[in-house]
Amino acid sequence: MPSFPLSIIVLAAGKGKRMRTGLPKVLHVLAGATLLERVVHTAEALQPNNIYVVAGNGAERVQKEMSHLNVEWVQQKEQLGTGHAVQQVLPHLQKNHQVLILYGDVPLISIQTLQALLEKTPKNALGLVVAELDDPKGFGRIIRNDVGNIVAIVEQKDATDEQLKIKEINTGIITVSAEHLYEWLPKLENNNQQKEYYLTDIIAMAVRDGCSVGGVFADCQEEVRGVNNLSELSMLERFYHRQKAYELMAQGVTIMDPNRFDMRGKLHVAPDVIVDINVIFEGEVSIGANTTIGPNCVLKNVKIGQNVKIEANSVIEGAIIEDQAVIGPFARIRPGTHVEKKAKVGNFVELKNVRLGEQSKIPHLSYIGDAIVGKHVNIGAGTITVNYDGVNKHQTIIEDTAFIGCDSQLIAPVTVGEGAYIAAGSTITQDAPPRQLTIARAKQCSIPDWKPKQKTDSLLLKSDEH
Ligand code: UD1
Ligand code: CA
């Protein structure tokens with residue numbers, strides 16, 4: 001952590017024209033968080049005294065949708081360049097602060113690189129994060145003198161053919177003292193190709209004033225890549241998920257294909273977990289040892305125990321799944337659900353706000369909502385808890401070892417007693433007593449002399465028209 005007071009400025013006023021969407025650029029989402037959230041969270045990890053976000057294009061919307069961020073908002077009404085953007089923060093900046101400038105559209109910059117930059121830049125010096133790119137097109141080029149010191153940055157549009165061959169680029173991330181910014185920013189001019197006030201012009205000013213300029217190399221290209229269009233966004237997104245997959249693999253988690261693995265939130269996984277292809281993790285997910293997740297599952301805010309089997313195409317949100325449970329294939333588990341040990345939730349079963357007791361089974365085709373189900377209960381195919389009367393939701397209680405026959409409706413509020421049997425096809429409107437068979441359906445009868453209706457000529461004609 002820095003031993004000096006630190007202010008971080010995040011530039012986020014640019015338009016992002018090339019995104020071609022209606023959304024301000026920094027509100028685009030990368031792996032479950034907006035670009036701006038990612039940069040601000042990285043900034044927070046450095047424990048600065050202040051974080052300023054310079055907003056301009058779509059500022060109102062950005063500020064509204066990102067109002068949960070603990071930052072100070074600064075307006076840049078007209079976007080006259082990166083130097084002009086930083087200038088808008090000057091009235092707020094304390095003179096004795098070190099300043100770190102980040103870009104709102106460079107989402108994967110790492111805490112380590114920024115720490116290295118702050119540590120390696122002496123007080124009163126200027127530090128830059130630089131990178132060597134195979135394809136440096138579009139970036140400002142780092143100009144060094146004969147002894148290898150950085151002396152200037154030249155923008156792509158202002159560069160000579162010779163300068164365009166330079167592969168060392170400016171990532172845009174700069175650290176400098178507030179005092180120097182007060183001195184240099186008012187002197188910026190916009191006599192360049194883009195008629196903008198370039199922040200990068202302060203490098204030449206620093207050199208002229210005898211202030212040393214140092215470069216710190218980024219660890220990888222992706223961390224300094226900006227997002228300018230949707231395909232760049234998708235490339236960084238994929239890079240991010242792949243990195244996370246490799247990190248998990250290093251901890252003994254089997255990820256069947258790191259290119260088909262999406263981590264859009266936080267994931268805590270024990271070793272010996274196997275994750276098949278196309279699984280999406282959102283929010284906070286934790287998974288215990290020896291659990292397997294089948295292909296095409298979506299898991300959001302779920303706590304999963306050990307030795308659990310989640311089979312293909314299951315969607316689970318806001319739930320707790322205890323050890324040795326078996327879920328899916330094609331299960332839908334909605335918020336408020338707690339599946340206890342060794343319970344089974346099978347094919348095409350939807351659960352909402354259910355406590356499902358130990359070793360209870362709902363093997364097929366059921367909707368169980370707002371229910372408390374005891375231990376060793378068996379719920380037959382096609383069972384429905386009728387929990388909604390059009391106005392209010394009501395609870396169903398099914399006690400231990402009860403057996404619900406197929407295609408039954410339990411009209412809530414209702415209780416099925418311990419060890420009760422419900423005959424298949426029943427519509428249960430009153431509590432079913434324990435250990436008795438309850439049948440609630442019309443008695444079957446057959447009509448021996450029944451004949452199907454004969455169609456009259458005119459009806460036959462009509463049906464022919466169809
Ligand atoms: C800038 C750098 C370039 C560097 C590149 C790295 C300058 C002059 N050039 O170029 O050397 O290689 O980034 O990606 O600094 N912004 C504002 N207000 C403005 C203009 C920009 O807030 O008036 C913000 C943008 O939202 C963006 C960042 O500043 O987050 C960079 O702006 P952009 O226009 O993308 O700069 P580049 O031309 O790419
Ligand atoms: Ca850019």
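Indexing begins at 1, ligand by ligand and atom by atom, following the structure's order. Just so you know, residue 1 is the first one in the sequence shown, and it goes up from there.
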Please confirm whether [X] approaches ligand 1 to less than 4.0 Å, judged on its heavy atoms.
{"X": "Gly226", "result": "no"}
{"X": "Ala12", "result": "yes"}
{"X": "Asp105", "result": "yes"}
{"X": "His84", "result": "no"}
{"X": "Leu80", "result": "yes"}

Quick one: pull up CG in Leu128 and CD1 in Ile203 and give me the separation to the nearest 0.5 Å.
->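 The distance works out to 5.0 Å.
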When you check the gap from the basic side-chain N to the acidic O, do [X] and [Y] get nearer than 4.0 Å?
{"X": "Asp370", "Y": "Lys393", "result": "no"}
{"X": "Arg355", "Y": "Glu340", "result": "yes"}
{"X": "Glu222", "Y": "Arg225", "result": "no"}
{"X": "Glu232", "Y": "Arg18", "result": "no"}
{"X": "Asp262", "Y": "Arg264", "result": "yes"}

Partner of Tyr198 by side chain to side chain contact (heavy atoms under 4.5 Å, CB included), out of Leu188, Asp158, Val154, Ile153 =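 Exactly one candidate clears the test, Asp158.
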Would [X] count as being in polar contact with ligand 1, using the rule that some N or O on each side must be under 3.5 angstrom apart?
{"X": "Gln194", "answer": "no"}
{"X": "Phe139", "answer": "no"}
{"X": "Leu199", "answer": "no"}
{"X": "Val54", "answer": "no"}
{"X": "Glu155", "answer": "yes"}
{"X": "Asn228", "answer": "no"}
{"X": "Gly14", "answer": "yes"}
{"X": "Asn170", "answer": "yes"}

State the atoms of ligand 1, each with its element, that fall below the 4.0 Å cut-off from a heavy-atom position in [X].
{"X": "Ala85", "result": "17 (C), 18 (N), 22 (O)"}
{"X": "Gly140", "result": "3 (C), 4 (C), 11 (O), 12 (O)"}
{"X": "Tyr198", "result": "8 (C)"}
{"X": "Thr82", "result": "7 (C), 8 (C), 15 (O), 20 (C), 21 (C), 29 (O), 31 (C), 32 (O)"}

May I ask you to decide if Val377's main-chain N or O and Ser360's side chain share a donor-acceptor pair within less than 3.5 Å?
->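 Yes; at least one donor-acceptor contact below 3.5 Å.
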Polar side-chain atom of Glu223 near backbone of Ser110 as donor-acceptor pair, under 3.5 Å |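 Present.
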Report yes or no: is the cationic atom of Lys244 (NZ for Lys, CZ for Arg) under 6.0 Å from the centre of the six-membered ring of Phe261, at an angle within 45° of the ring normal?
->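 The answer is no; the distance or angle limit is not met.
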Taking every non-hydrogen atom, the tightest pair across Ile362 and Val349 |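 Where Ile362 meets Val349 most closely, the heavy atoms are O-CG2, 3.4 Å.
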With heavy atoms only and a cut-off of under 4.0 Å, state how Ile169 meets ligand 1: side chain, backbone, both or neither.
->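 For Ile169, there is no contact with ligand 1 at all, from either part.
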What part of Gln76, side chain from CB on, backbone N/CA/C/O, both or neither, has a heavy atom under 4.0 Å from ligand 1?
->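 Just the side chain.
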Ile111 and Leu46: CA distance, side-chain angles, deciding distance, side chain to side chain contact (heavy atoms under 4.5 Å, CB included) verdict = CA-CA 7 Å; Ile111 298 164; Leu46 299 168; 4.1 Å; yes
Can you figure out which of Gly138, Gly56, Pro24, Gly81 has its heavy atom closest to atom 23 (O) of ligand 1?
->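 Nearest heavy atom to atom 23 (O) of ligand 1 lies in Gly81.
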